[in-house]
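Structure first, commentary second.
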Amino acid sequence: MYKLLKQCGRAKRGEFTTPHGTIQTPVFMNVGTLAAIKGAVSTEDLENIKCQVQLSNTYHLHLRPGDKIVHQLGGLHKFMSWNKPILTDSGGFQVFSLASLRKIKEEGVYFASHIDGHKIFMGPEESMQIQSNLASTIAMAFDECPSAVADRTYVQNSVERTTRWLIRSKNEMDRLNTLDETINKKQMLFGINQGAIFPDIRIEHAKIISELDLDGYAVGGLAVGETHEQMYHILEETVPYLPKNKPTYLMGVGTPENILEAVERGVDFFDCVLPARNGRHAHVYTNYGKINLLNAKFELDDEPIEPECQCPACKRYSRAYIRHLFKAKEMLAMRLCVLHNLYYFNTLMEEIRTAMDEDRFVEYKKQKLDGFKRGVEGKPTNKTRKQ
RNA sequence: GGAUGGGUUCCCGAGUGGCCAAAGGGGCCGGACUGUAAAUCCGCUGCAUAUUUGCUUCGAAGGUUCGAAUCCUUCCCCAUCCA
């Protein structure tokens with residue numbers, strides 16, 4: 001259940017209560033596709049980096065270890081030893097990312113497993129059944145995420161099918177939640193808005209799905225190749241047509257800049273692989289933009305990644321040391337950077353919430369974006385700070 | 001002292017007359033990554049430059065040839081074996 005605590009312009013500050021605890025929003029959901037955040041991050045670690053919600057994936061867990069196995073083991077929470085909320089993505093994104101391995105039909109999608117090539121079918125009912133077996137807190141409707149460059153006719157047809165799939169998803173979830181063997185009988189369902197970069201299709205779709213009284217509403221199909229300006233524009237056009245008294249979730253986004261811009265436009269849930277993936281690839285976030293620790297200029301840099309950061313990496317280790325770990329291919333390098341990046345994102349959200357509570361979100365956002373824009377080169381030194 | 005194998009661009013290592021500034025790795029340097037087929041992928045790596053081209057390079061010095069990292073001579077090193 002979502003409680004809107006405050007609005008700053010269109011920006012929403014809220015609280016979302018679930019059977020697994022209350023989520024303070026705006027929130028960043030930490031992505032652990034295979035029931036683990038890549039980079040050797042444990043559940044204990046997540047407690048140290050302010051993680052409120054984890055995200056896992058229907059398609060991937062269906063293939064490995066198999067949702068029935070997770071069900072037999074008591075559901076995802078017990079399986080991965082995490083008692084806070086978990087959102088499962090429906091497999092809709094894999095319809096996009098595994099484009100060469102699938103075929104879309106009205107009944108659903110035929111995939112060739114990316115692991116061994118065996119044929120699998122997933123429609124709305126199958127996706128809900130898998131997610132019910134996984135017993136996540138929040139299930140996502142099964143959708144198609146069309147490419148940003150798809151033409152209007154394609155998108156129109158795709159969105160209409162996604163609507164039909166949403167209704168089937170909801171019916172199936174309602175049914176599953178009444179079954180004896182269901183682990184989480186209060187599993188929530190979020191619908192997903194699509195429409196690529198066509199505002200009228202987006203708005204029309206938003207209006208239709210808003211009538212279904214779902215637990216939350218996502219905007220999908222963004223950050224898949226369009227420009228940032230197009231993404232922000234779509235949010236401005238679309239979000240006002242989604243229910244204010246429900247969470248609004250921008251799927252798969254994004255950079256700290258993207259998040260600040262989207263919060264301003266009314267989004268309160270986010271998820272993104274970037275902090276984890278970039279961390280594994282030595283790119284780390286600072287208040288003065290993203291830096292690549294592999295760069296030679298950090299060879300003798302004795303500073304932490306972000307001097308103002310209180311994460312497990314920044315409290316103890318220098319950029320030079322972590323750079324060395326990357327060069328030496330020590331997995332601690334990735335682990336530290338993933339922890340830092342996730343801490344950075346979760347802290348960013350915390351700061352956003354505090355700023356909204358204190359009615360200074362606009363100033364906060366501006367100050368943050370200014371810092372990112374200046375970059376590490378433009379960072380004020382002790383000397384310039386005194387002046 | 002004798003026998004054999006070998007010395008290639010930062011490193012390892014292919015190449016044995018032209019298509020060779022020289023395969024392939026590694027390293028170095030740089031880039032990408034947005035509901036994770038990603039601990040991945042891409043580019044660059046002799047010098048100088050207008051993406052054309054010029055110059056220098058394959059242990060050293062000579063030589064053969066229109067043309068040599070590749071063939072010949074001598075020398076210098078290295079490895080293994082025999083004395």
Side-chain angles (χ1 to χ4, degrees), chain A residues 28-41 53-61 63-64 86-102 111-117 127 131 136 138-146 148 190-194 216-228 230-231 249-259 261-262 267 269-285 290-299 323 325-338 341 345:
Chain A
F28 180 78
M29 299 189 281
N30 299 230
V31 182
T33 300
L34 280 158
I37 289 170
K38 294 181 194 293
V41 176
V53 203
Q54 276 200 75
L55 186 147
S56 290
N57 186 276
T58 300
Y59 166 87
H60 288 284
L61 291 175
L63 289 184
R64 201 160 47 188
I86 299 172
L87 180 144
T88 40
D89 185 31
S90 61
F93 186 71
Q94 279 62 47
V95 180
F96 166 72
S97 68
L98 302 176
S100 60
L101 294 172
R102 55 55 172 169
F111 289 97
S113 155
H114 71 280
I115 298 169
D116 63 7
S127 177
Q131 295 186 75
S136 57
I138 302 164
M140 294 304 300
F142 189 65
D143 67 329
E144 183 199 346
C145 172
F190 281 18
I192 305 174
N193 169 259
Q194 291 289 356
Y217 288 88
V219 178
L222 288 177
V224 288
E226 80 287 359
T227 65
H228 286 176
Q230 285 176 310
M231 174 167 84
Y249 165 25
L250 176 54
M251 304 186 81
V253 176
T255 64
E257 292 91 332
N258 293 160
I259 290 174
E261 296 293 350
V267 175
F269 275 53
F270 297 88
D271 83 279
C272 191
V273 305
L274 274 182
R277 184 183 289 163
N278 278 337
R280 274 179 276 130
H281 299 167
H283 285 242
V284 289
Y285 292 88
K290 186 165 63 97
I291 60 175
N292 180 357
L293 287 179
L294 251 11
N295 289 168
K297 62 185 171 191
F298 298 117
E299 191 171 31
R323 178 178 196 273
L325 294 178
F326 268 112
K327 288 286 182 189
K329 300 200 179 352
E330 284 293 339
M331 65 180 172
L332 179 59
M334 286 192 243
R335 189 176 130 74
L336 290 174
C337 289
V338 172
N341 281 349
F345 273 59

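Residue numbers begin at 1 in each chain, while the letters A, B, ... track the order of the sequences.
The nucleotide B:C19 finds no pairing partner, because no Watson-Crick or G-U wobble arrangement with both distances shorter than 3.5 Å includes it. In this entry B:U80 has B:A3 as its Watson-Crick or G-U wobble partner, both defining distances falling under 3.5 Å. B:G27: Watson-Crick or G-U partner is B:U45, with both key distances under 3.5 Å. Both distances falling under 3.5 Å, in either a Watson-Crick or a G-U wobble arrangement, occur for no nucleotide opposite B:A50. Pair assignment for B:U73: B:A61, on the basis of Watson-Crick or G-U wobble contacts that are both within less than 3.5 Å. B:A39 is unpaired under the criterion used here, namely a Watson-Crick or G-U wobble arrangement in which both key atom distances are under 3.5 Å.
Side-chain N or O atoms of A:Asn341 include none that pairs as donor or acceptor with a backbone N or O of A:Leu274 at under 3.5 Å. A donor-acceptor pair is defined here as one N or O able to donate and one able to accept, closer than 3.5 Å; no such pair exists between the side chain of A:Arg280 and the backbone of A:Met334. A distance-only check finds no donor-acceptor pair linking the side chain of A:Asp89 to the backbone of A:Leu87 [under 3.5 Å].
Residues passing the ring pair (Phe, Tyr, Trp, His ring centres under 6.0 Å) test with A:Phe93 are A:Phe96, sequence neighbours excluded. Shown here are the salt bridge (Lys or Arg N to Asp or Glu O under 4.0 Å) partners of A:Glu144, two or more places apart in sequence or in another chain: A:Arg161. Qualifying salt bridge (Lys or Arg N to Asp or Glu O under 4.0 Å) partners for A:Arg335, counting only residues two or more places apart in sequence or in other chains: A:Asp45. Partners of A:Ser100 under the side-chain hydrogen bond (donor to acceptor under 3.5 Å, both in side chains) rule, at least two apart in sequence or in another chain, do not exist in this structure. Remark: A:Lys297 pairs with A:Glu377 by the salt bridge (Lys or Arg N to Asp or Glu O under 4.0 Å) rule, at least two apart or across chains. Among residues two or more places apart in sequence or in another chain, the side-chain contact (heavy atoms from CB on, under 4.5 Å) test is passed with A:Ala262 by A:Leu235, A:Leu250, A:Val267, A:Phe270. In this structure, A:Thr58 has no side-chain hydrogen bond (donor to acceptor under 3.5 Å, both in side chains) partners at least two apart in sequence or on a different chain.
Among the atoms of the strands shown, base atoms are found under 4.0 Å from some heavy atom of A:Ile192. Among the protein residues, A:Glu330 comes within range of no part of the nucleic acid, since none of its heavy atoms lies under 4.0 Å from any strand. Within the 4.0 angstrom heavy-atom criterion, only backbone atoms of the sugar-phosphate kind lie near A:His60; the bases stay farther away.
Spacing between atom CZ of A:Phe345 and atom P of B:U34 amounts to 12 Å, rounded to whole angstrom units. In this structure, NZ of A:Lys38 is placed 6 Å from C1' of B:U36, rounded to the nearest angstrom. Atoms CG (A:Leu336) and P (B:A39) sit 17 Å apart, rounded to a whole Å. One atom, NE2 of A:His283, and another, C1' of B:U36, lie 17 Å apart when rounded to the nearest Å. Atom CD of A:Gln54 and atom P of B:U36 are 13 Å apart (whole Å). Separating the CG atom of A:Asn193 from the P atom of B:G35 is a distance of 18 Å, rounded to the nearest angstrom.
For B:A37, one of the phosphate oxygens OP1 or OP2 lies less than 4.0 angstrom from a side-chain nitrogen or oxygen of A:Ser97. Between B:A37 and A:Gln94, a contact under 4.0 Å exists linking OP1 or OP2 to a side-chain N or O. The phosphate of B:U34 (OP1 or OP2) has a side-chain N or O of A:Arg277 nearer than 4.0 angstrom. Neither OP1 nor OP2 of B:U34 sits under 4.0 Å from any side-chain N or O of A:Asn278. Between A:Asn292 and B:G31 there is a side-chain N or O to OP1 or OP2 distance below 4.0 Å.
Side chain of A:Leu274, nearest nucleotide from B:G35, B:A37, B:C33: B:C33. The listed nucleotides are B:U34, B:A38, B:A37; the one nearest the side chain of A:Leu101 is B:A37. In the set B:U40, B:A37, B:G35, B:U40 carries the atom at the smallest distance from any side-chain atom of A:His281.
Ring pair A:Tyr59/A:Phe111 is tilted by interplanar angle, where 30° to 60° counts as tilted.
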Pairs under 3.5 angstrom, nitrogen or oxygen only, protein versus nucleotides 25-29 of chain B, please.
unit_1, atom_1, unit_2, atom_2, d
B:C29, OP1, A:Arg323, NH2, 3.0
B:C29, OP2, A:Lys327, NZ, 2.4

Q: Heavy atoms under 4.0 Å is the rule here; annotate nucleotides 41-47 of chain B 5' to 3' with B where the base is hit, S where only the sugar-phosphate is, and - elsewhere.
A: -------

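Between the side chain of A:His228 and the base of B:U34, at least one donor-acceptor pair of N or O atoms lies under 3.5 Å.
Nearest-nucleotide assignment on RNA chain B puts the 5′-proximal partner with A:Val31, out of A:Val31 and A:Gly39.
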